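Encoded as structure tokens, the structure appears first; notes follow it.
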There are 2 protein chains.
Amino acid sequence: MARLAGVSQSAVSRVISGDVDAARIPEETRQRVLAAIKELGYVPNASARNLRNKRNRLIGVHTFEAVFPHARTDFYFEFLLGIEERAEQTGFDLVLFTSTGAGDGRRRVYRDGTNRLNLADGSVLLGVSTDRAELARLWNDGYPFVHIGRREVPGAQIPCVIPDYRGAAIGIVDKLAGHGHRRFAYLREPMEMEPYADRRDGYREAVERLGLTDRSPGFRGESGLTGDWIDELVRGGETAVVAESVRLAERLLAGLRERGVRVPQDISVAVLEATWQGTSVQWDSLEIPRVAIGRIAVDRVIDMLDHPDEPPESLLVPCPIVPGTTVAAAREERP
Amino acid sequence: MARLAGVSQSAVSRVISGDVDAARIPEETRQRVLAAIKELGYVPNASARNLRNKRNRLIGVHTFEAVFPHARTDFYFEFLLGIEERAEQTGFDLVLFTSTGAGDGRRRVYRDGTNRLNLADGSVLLGVSTDRAELARLWNDGYPFVHIGRREVPGAQIPCVIPDYRGAAIGIVDKLAGHGHRRFAYLREPMEMEPYADRRDGYREAVERLGLTDRSPGFRGESGLTGDWIDELVRGGETAVVAESVRLAERLLAGLRERGVRVPQDISVAVLEATWQGTSVQWDSLEIPRVAIGRIAVDRVIDMLDHPDEPPESLLVPCPIVPGTTVAAAREERP
DNA sequence: TTGAAAGCGATACCAC
DNA sequence: GTGGTATCGCTTTCAA
């Protein structure tokens, strides 16, 4: 123990923590302690410190599934970039909770009653297959965390950092309407999660506000894309299609091409999803500011740490709209 | 405290740890404790545990510079993928030491005497600008860690997981020789780090063993690439060039093109560096099995944890040679 | 100014 | 089988 080295004892603590009580220590003693520290290569024990202080300067990152199978590196990776950046700037270390793998690729927060997250002062959670029950329990336990992406759990006020899909959907409809489009169609994914709900809300709101027409199955709530419907689209007077995913947009594009319909000359197509490099077409789409979201998530957690009493609120982050080559002015309406 | 809930006290500990002494606890008591745990949502305190056990099931990852400015995501990212994968499989969590940023992009292990790494049972260190003094100190402190990539420090036996650049260089020379090449040239980077030394060792060994000729400046120890030298190369009888980096190979290629020399028909070029997507040419080069290296690094750390007495040894990981379009059979020697 | 001592929460030894 | 209790290393009153 370093205390033996010098002559003092808990003075070591005062010297190390440095700040406030530093004044109360005479320079001579301070130097003696510092020398002893260097001499022995003394290093304070982190665990013991936390045990006392209830603070680690550790922020947890829990992903509900492993990062690595998600080969589209931009998904998790960019969030992590932002998280790392902010953690560094604020002097926090990051714990990646990897130990909690259930073996099936899913990861749980609670395993046989223990919550590894407690290791960290607070955590950022993210993932596509978020477990709502765990979110709720975490919230009930009063553990400080934010979730990246909106997740609603009845009876709990999950604090989230949310890409503003609703706003982006509105922006995209506005843009199309600005190009003279009046008759729209909507391509819907089968998924029923909050991010999709947000897009649908925004789309519906914009369509109604602007008095546009949409008689597509997707707008009525049916997901998917059939050949029949593409036929109908070609026959009908729609000039703009908004798709929830690149996947759907690509299938639509192929179908339209087969039928000799050109995009964007005959029909404009926009996508309510962030696109990535290597897609065949440069879609008009939205961008998820992932790095910024990661940064903001860390800030929110630190905020909750600093103000444990204030009720945690969710935060909306705007998604820029990315211009592509699939939207053009509406052609004259066909009969 | 959960102990109050039931009736017992340190029995809780026995129940929680579960394994060995579990038999010594009657089922009835066990159930009572378990019920209380569930009731209170009790979670054992990680810090307190470590304080006793000296074990966290936490593996640290220290990068000597921030991950995020290194936009070439494959560099750090793939190592991390492997690290994460293995950590999950072995039930460890990961600590990313981000707090130690010096503000200038560099990260230090020791900051004003404290070593954050102690938070984790052992650590994987990686980075291009590794600080050798810190490595040495860490080693002297007996802290269990491995470094990804070879780093030599006088007086310390740093355990490393090393991409076998030496073997890959030999393999590439062998391959060129197999294509009938006899007169070689070597393009050298100004950098003087171990990974380059390894390449140079391997190259020299292969050249000597096979009785090949190399009269290039790079082989003599001069780095860089001048127009004069390209002129000489074109006049001379060299048919194969081995470059330490894509950067050099690309400059060479441009120079050769200007002079009407074709690659690989007239001169074959191979690169002793892992190539990435988006290069103009598909270089014959080597591959760094980064994900595998990450996995292995974690295994090595766990190994050191399990056998603290065995002297830590470095591990060589073979680098596959990637066929490209820049190596072909040697043309007949020019006079 | 500085030292003694009481915990923080969990574990494990040791009596009962 | 079970419940006290010393202990891990550090911080923080409280006296001296």
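In what follows, every chain begins at residue 1, and chains take the letters A, B, ... in the order their sequences are listed. Quick caveat: nothing in here was measured; it's all calculated off a predicted structure. No hydrogens, no waters, no symmetry mates; every other heavy atom, side chains included, goes into these values.
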B:A11, nearest nucleotide to its side chain (from D:dG3, C:dA12, D:dC10)
D:dG3
Check the distance between C:dT1's P and A:R30's CZ and give it to me in whole angstrom.
14 Å
Take atom CZ of A:R55 and atom C1' of D:dT12, then tell me their distance rounded to the nearest Å.
17 Å
Rounded to whole Å, CG of B:N53 lies from P of C:dG9 at a distance of 16 Å
Which nucleotide sits closest to the side chain of B:L51: C:dG9, D:dT11, D:dG3?
C:dG9
Contact class for A:N50 vs. all strands (heavy atom < 4.0 Å): base, sugar-phosphate, or nothing?
nothing
Donor-acceptor pairs under 3.5 angstrom involving side-chain atoms of residues 145-157 of chain A: please list them, not counting sequence neighbours.
{"residue": "A:H147", "atom": "ND1", "partner": "A:G149", "partner atom": "O", "Å": "2.8"}
{"residue": "A:H147", "atom": "NE2", "partner": "A:T130", "partner atom": "OG1", "Å": "2.7"}
{"residue": "A:R150", "atom": "NE", "partner": "A:D198", "partner atom": "OD1", "Å": "3.0"}
{"residue": "A:R150", "atom": "NE", "partner": "A:D198", "partner atom": "OD2", "Å": "3.1"}
{"residue": "A:R150", "atom": "NH1", "partner": "A:E152", "partner atom": "OE2", "Å": "3.0"}
{"residue": "A:R150", "atom": "NH2", "partner": "A:D198", "partner atom": "OD1", "Å": "2.4"}
{"residue": "A:R151", "atom": "NE", "partner": "A:T130", "partner atom": "OG1", "Å": "3.4"}
{"residue": "A:R151", "atom": "NH2", "partner": "A:G127", "partner atom": "O", "Å": "3.0"}

When you measure only distances, ignoring hydrogens and angles, does the side chain of A:R14 come within 3.5 Å of the base of C:dG3 through a donor and an acceptor?
yes
Looking at residues at least two apart in the chain, or sitting in another chain, which of them share a side-chain hydrogen bond (donor to acceptor under 3.5 Å, both in side chains) with B:D299?
B:R86
Please confirm whether the shortest side-chain N or O distance from A:R49 to OP1 or OP2 of D:dT11 is below 4.0 Å.
yes
Can you list everything that forms a side-chain hydrogen bond (donor to acceptor under 3.5 Å, both in side chains) with B:D131? Sequence neighbours excluded, please.
B:R108
B:N45 atom CG is separated from C:dC8 atom C1', nearest whole Å, by 8 Å
Tell me, do B:H62 and B:L96 make a side-chain contact under 4.5 Å, heavy atoms counted?
no
How would you list, by chain and number, every residue that makes a salt bridge (Lys or Arg N to Asp or Glu O under 4.0 Å) with A:E194, sequence neighbours excluded?
A:R132
Integer-rounded Å distance: C:dA5 P and A:R52 CZ:
16 Å
So, using side-chain hydrogen bond (donor to acceptor under 3.5 Å, both in side chains) as the criterion, who are the partners of A:S123 when residues are at least two apart?
A:Y143
Rounded to whole angstrom units, what separation is found between the NZ atom of B:K54 and the P atom of D:dT7?
16 Å
Are B:T98 and A:E84 close enough that a side-chain donor and a side-chain acceptor fall under 3.5 Å?
no
Axis deviation across the helix from C:dT1-D:dA16 to C:dC16-D:dG1, five-pair ends, to the nearest 10°
50°
